[in-house]
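None of these values were measured; they are calculated from a predicted model.
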Amino acid sequence: MYNFKIKQIITNNGTAIIPKSINIIIGPNNSGKSQFLKDIKNSLSSHNYLNKKNITIRDMEYILPKNKEEFISRYNLHSKIFSNSDNQYYIRNYSGIYDNNIIVSNPASNYLDTGNISITPNWEIDLQRQITNFDHFICNDEKIIDGENYPQNAIIHNERYIEIEENGKKVRKTIAGSEGPLYEEKGASIKNFINLYGNLFFNYLGTEEKLLMCKRQKQYGLQDHNTNFLSEVQFNSKLLDELSNYTKTMFNKDIYLDRFSWGESILFRVGDNFNFIRNAKRNDNEAEIKLKDYNALDNEGDGIKSFVTNYIALNMNDKNILLLDEPESFLHPPLAKQLGEIIAKSSSENKQIFISTHSADLLKGILSVNKDVNIIRITRDKEFNQFNLLKKEAIEQIISNPMLLSSNILNGLFCEKVYICEAESDEEFFQSLHDKINLYDNAFFTHGKNKQTLKDISKIYNTLSIPNYRIYDFDILKDEDFNKALNTFINEQEKNKYIEIRKKVNEVLKKESYANGGINDIKEDELRNMVINMFNDLKKSKIIILEYGCLESTLDDLGIKYTKNRNKWFEKAMGLVYESSNDIIESSNIYKWIFK
């Protein structure tokens, strides 16, 4: 069976993206995640009356129908076509696109029922003409004076033009007396097709749509000329029962679609249990009347409203492309993870889901169920967007490593840069130090529980071109961990030189110097200078080694001396950072070494 799909997306920086069933868009704030979805929406929207220009997308290619029969059959067009008293023809459809040009004080049904598609009475002929010309060349506006004596190799398509071979290329010529050239440049027919039928193919859920599309709306029947989001789902009892089960589990509330108690409106009711109406006999008026006593979903919190809209859109099979802008909005982290699992379970070969998200929990939920996804990271450099596609190996590494899935490491995917520390206390201290001066720098701090995992975590961030810095204690020089920490950005000659320096350090330093003292305890000037130069070089490769020992040795210049009691030192250090002025913190040795 034919299904409309996006075959390829070319971004504004030339990156080619081949969409999968699930495509997850991540990146820092204001990088273009939401705009990417809006650009897909704009490209597909029928009659884009505002003629909005795409910002992040240069071009899109589609999987198009080969003939009108498969297209009409797949989208059940014959049952959706209707005409009004003025003999104007339409396709019954809902788009759900929020239109802020319409007065917001109107009922939700008035500014969401904008999806009907205007067509001509000869729409089937027009459709076949468009499909036939998806790959054809530019029309030649040359007139054929003798309309009866066509060239021998001409193919007569209709009374308006012929097609002939000239110099090995197909050329179209308009017949004299016709209305003029019917066809434009190659691809124009595709644009016309999308402009006419685009709203059949997608559903877009931005912040406004998530909260509006589940609210009270006008009720339409199967033979009405209009429709909307809730009217489309009112006879899908399986979907509504599954939705009820999820809201009971996730929100401790039952939900029921009320088609009875509010005149010509349809709305969700929320309560403890609606089995009294589900199990009622047909036309049980008492059960139907009781519904009016239950709270409308319109008056519930944004979390459950957002979830209801997302769930319905994910599980309706009438749209091939679903655009979800931050579906985790208004949900607590455990519910965001569960929504991620629902998204993954709802994916299929016939549907492409595009998700912009800022939630590691949603990402974990998706990856726990479906590994075959695109993860696309967007960043912005001034006016230009950069797109990086996470490689399959990196995704598999995330999924196969329980530590990565259970920690906060994935949150770094949504920030501009990442600092990877050895332990949780290191992470907290360095973040407080950073945020004191650079609160809005969009940096993320995490830890790897030990030295060995820092390089593995860094490798994941490098795959997505996320700048990341590893912060090691001085005792990295003590053992073979130092050799393993040297990454691929350092050439073999430099690595060998650093390994030799490390050996010399180990020959002269006592055990306690690795915790407190560091380079200060290297008495030989030449070796000390070699270590300082090595540390500076490694810092350029984003490997930062604490110069004077471990974390507890970093604030000597601010009056907090080294102690083996980490908890006591940490309490004093955090108090000092909180109470000190920005100038004092910014001039400290540790701040300058880590962040400048």
Side-chain angles (χ1 to χ4, degrees), residues 3-65 95 97 130-131 133-138 183-206 319-326 351-358 373-392 413-414 416 463-466:
N3 282 282
F4 179 87
K5 286 186 179 180
I6 299 173
K7 186 178 182 181
Q8 181 174 252
I9 299 173
I10 306 297
T11 68
N12 63 1
N13 74 333
T15 301
I17 298 171
I18 309 298
K20 294 186 175 182
S21 294
I22 297 179
N23 307 274
I24 307 166
I25 320 301
I26 62 173
N29 288 328
N30 200 35
S31 60
K33 300 186 298 294
S34 297
Q35 186 62 49
F36 185 73
L37 298 193
K38 289 177 181 176
D39 285 347
I40 296 176
K41 178 190 75 171
N42 293 338
S43 298
L44 295 176
S45 292
S46 299
H47 308 296
N48 186 357
Y49 61 92
L50 293 178
N51 197 25
K52 295 179 181 177
K53 292 184 179 179
N54 288 341
I55 297 172
T56 64
I57 293 175
R58 184 190 303 170
D59 194 17
M60 294 205 303
E61 296 178 20
Y62 312 104
I63 295 177
L64 298 163
S95 66
I97 297 174
Q130 287 174 333
I131 293 173
N133 286 277
F134 281 158
D135 296 317
H136 284 145
F137 296 92
I138 193 166
Y183 296 90
E184 302 173 13
E185 62 186 59
K186 182 179 178 181
S189 187
I190 296 174
K191 291 178 184 176
N192 292 337
F193 174 80
I194 296 299
N195 186 53
L196 189 59
Y197 296 105
N199 281 358
L200 285 175
F201 308 134
F202 78 96
N203 208 345
Y204 170 82
L205 299 184
K319 305 287 186 181
N320 299 113
I321 295 168
L322 187 55
L323 308 172
L324 303 179
D325 188 10
E326 298 193 3
K351 184 162 51 179
Q352 293 173 322
I353 305 173
F354 293 84
I355 306 155
S356 74
T357 182
H358 209 278
V373 303
N374 275 338
I375 299 180
I376 304 151
R377 187 171 190 267
I378 305 181
T379 55
R380 175 180 288 174
D381 182 12
K382 296 181 180 178
E383 296 180 3
F384 299 96
N385 300 94
Q386 297 294 325
F387 293 78
N388 290 285
L389 191 64
L390 187 63
K391 294 178 180 177
K392 185 178 179 182
L413 302 182
F414 307 97
E416 292 181 3
T463 304
L464 272 177
S465 301
I466 302 174

J.: With sequence neighbours excluded, what pairs up with Asp39 under the side chain to side chain contact (heavy atoms under 4.5 Å, CB included) test?
T.: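 For Asp39, the residues satisfying side chain to side chain contact (heavy atoms under 4.5 Å, CB included) (neighbours in sequence not counted) are Gln35, Asn42, Asn54, Ile55, Thr56, Ile57.
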J.: Counting C-beta onward and ignoring hydrogens, is there a side-chain heavy-atom pair between Leu390 and Leu413 closer than 4.5 Å?
T.: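 No. Closest side-chain heavy atoms not under 4.5 Å.
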J.: Compare every heavy atom of Pro28 with every heavy atom of Ser31, then report the nearest pair and how far apart it is.
T.: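 Shortest heavy-atom separation between Ser31 and Pro28 comes out as OG-O, 2.7 Å.
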J.: Ignoring hydrogens, what is the shortest heavy-atom contact between His358 and Asn29? Give both atom names and the distance.
T.: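 For His358 versus Asn29, the nearest heavy atoms are NE2-OD1, 3.2 Å.
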J.: Between Asn23 and Ile375 (side chain of the first, backbone of the second, donor and acceptor by atom type, cut-off under 3.5 Å), is there such a pair?
T.: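 The answer is no, because no donor-acceptor pair under 3.5 Å joins these two groups.
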J.: Under the rule for side chain to side chain contact (heavy atoms under 4.5 Å, CB included), what residues qualify as partners of Leu389, not counting sequence neighbours?
T.: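 Counting only residues at least two positions away or on another chain, Leu389 forms a side chain to side chain contact (heavy atoms under 4.5 Å, CB included) with Asn374, Ile376.
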J.: In chain order, what residues pass the side chain to side chain contact (heavy atoms under 4.5 Å, CB included) check against Ser465, with sequence neighbours excluded?
T.: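 Ser465: side chain to side chain contact (heavy atoms under 4.5 Å, CB included) contacts with Asn388.
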J.: Are Ile17 and Phe36 side-chain neighbours, meaning at least one heavy-atom pair lies under 4.5 Å?
T.: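 A side-chain contact under 4.5 Å exists here.
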J.: Any non-hydrogen side-chain atom of Tyr62 less than 4.5 Å from a side-chain atom of Ser43?
T.: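 A side-chain contact exists here, since the closest heavy-atom pair is under 4.5 Å.
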J.: Scan for salt bridge (charged side-chain N to carboxylate O under 4.0 Å, His left out) pairs involving residues 55-64, sequence neighbours excluded, and state none if there are none.
T.: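 Not a single pair qualifies under salt bridge (charged side-chain N to carboxylate O under 4.0 Å, His left out).
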J.: Considering only heavy atoms from C-beta outward, does the side chain of Tyr204 approach that of Ser45 to under 4.5 Å?
T.: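 They are not in side-chain contact.
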J.: Taking all non-hydrogen atoms of both residues, which atom of Ile131 and which atom of Pro65 are closest, and how far apart?
T.: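 Shortest heavy-atom contact: CG2-O, 3.5 Å.
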J.: Looking at residues at least two apart in the chain, or sitting in another chain, which of them share a salt bridge (charged side-chain N to carboxylate O under 4.0 Å, His left out) with Lys7?
T.: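 Listed in chain order: nothing, the list is empty.
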J.: Find out whether Ile6 and Phe354 are in side-chain contact, i.e. whether some heavy atom of one side chain is under 4.5 Å from a heavy atom of the other.
T.: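 Touching, per the 4.5 Å side-chain cut-off.
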J.: Has Lys351 got a side-chain atom pairing as donor or acceptor with Leu322's backbone, closer than 3.5 angstrom?
T.: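 Side chain of Lys351 to backbone of Leu322: no pair is present.
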J.: Going by side chain to side chain contact (heavy atoms under 4.5 Å, CB included), name the residues that satisfy it together with Asn320, two or more places apart in sequence or in a different chain.
T.: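 Partners of Asn320 by the side chain to side chain contact (heavy atoms under 4.5 Å, CB included) criterion, ordered by chain and then number, come out as Asn3, Phe4, Arg74, Tyr75, Phe201.
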J.: Grab the two heavy atoms, one from Ser189 and one from Gln130, that are nearest each other, plus how far apart they are.
T.: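 Heavy-atom minimum between the residues: OG-O, 2.7 Å.
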J.: Compare every heavy atom of Leu324 with every heavy atom of Leu37, then report the nearest pair and how far apart it is.
T.: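 In this case the closest contact between Leu37 and Leu324 is CD1-O, 3.2 Å.
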J.: Can you check whether Ile190 reaches Leu64 side chain to side chain, under 4.5 Å on heavy atoms?
T.: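 In contact.
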J.: Is the NZ atom of Lys319 crowded by more than 12 outside heavy atoms at less than 6.0 Å?
T.: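 Yes - once you tally the heavy atoms of other residues, nucleotides and ligands closer than 6.0 Å, there are more than 12.
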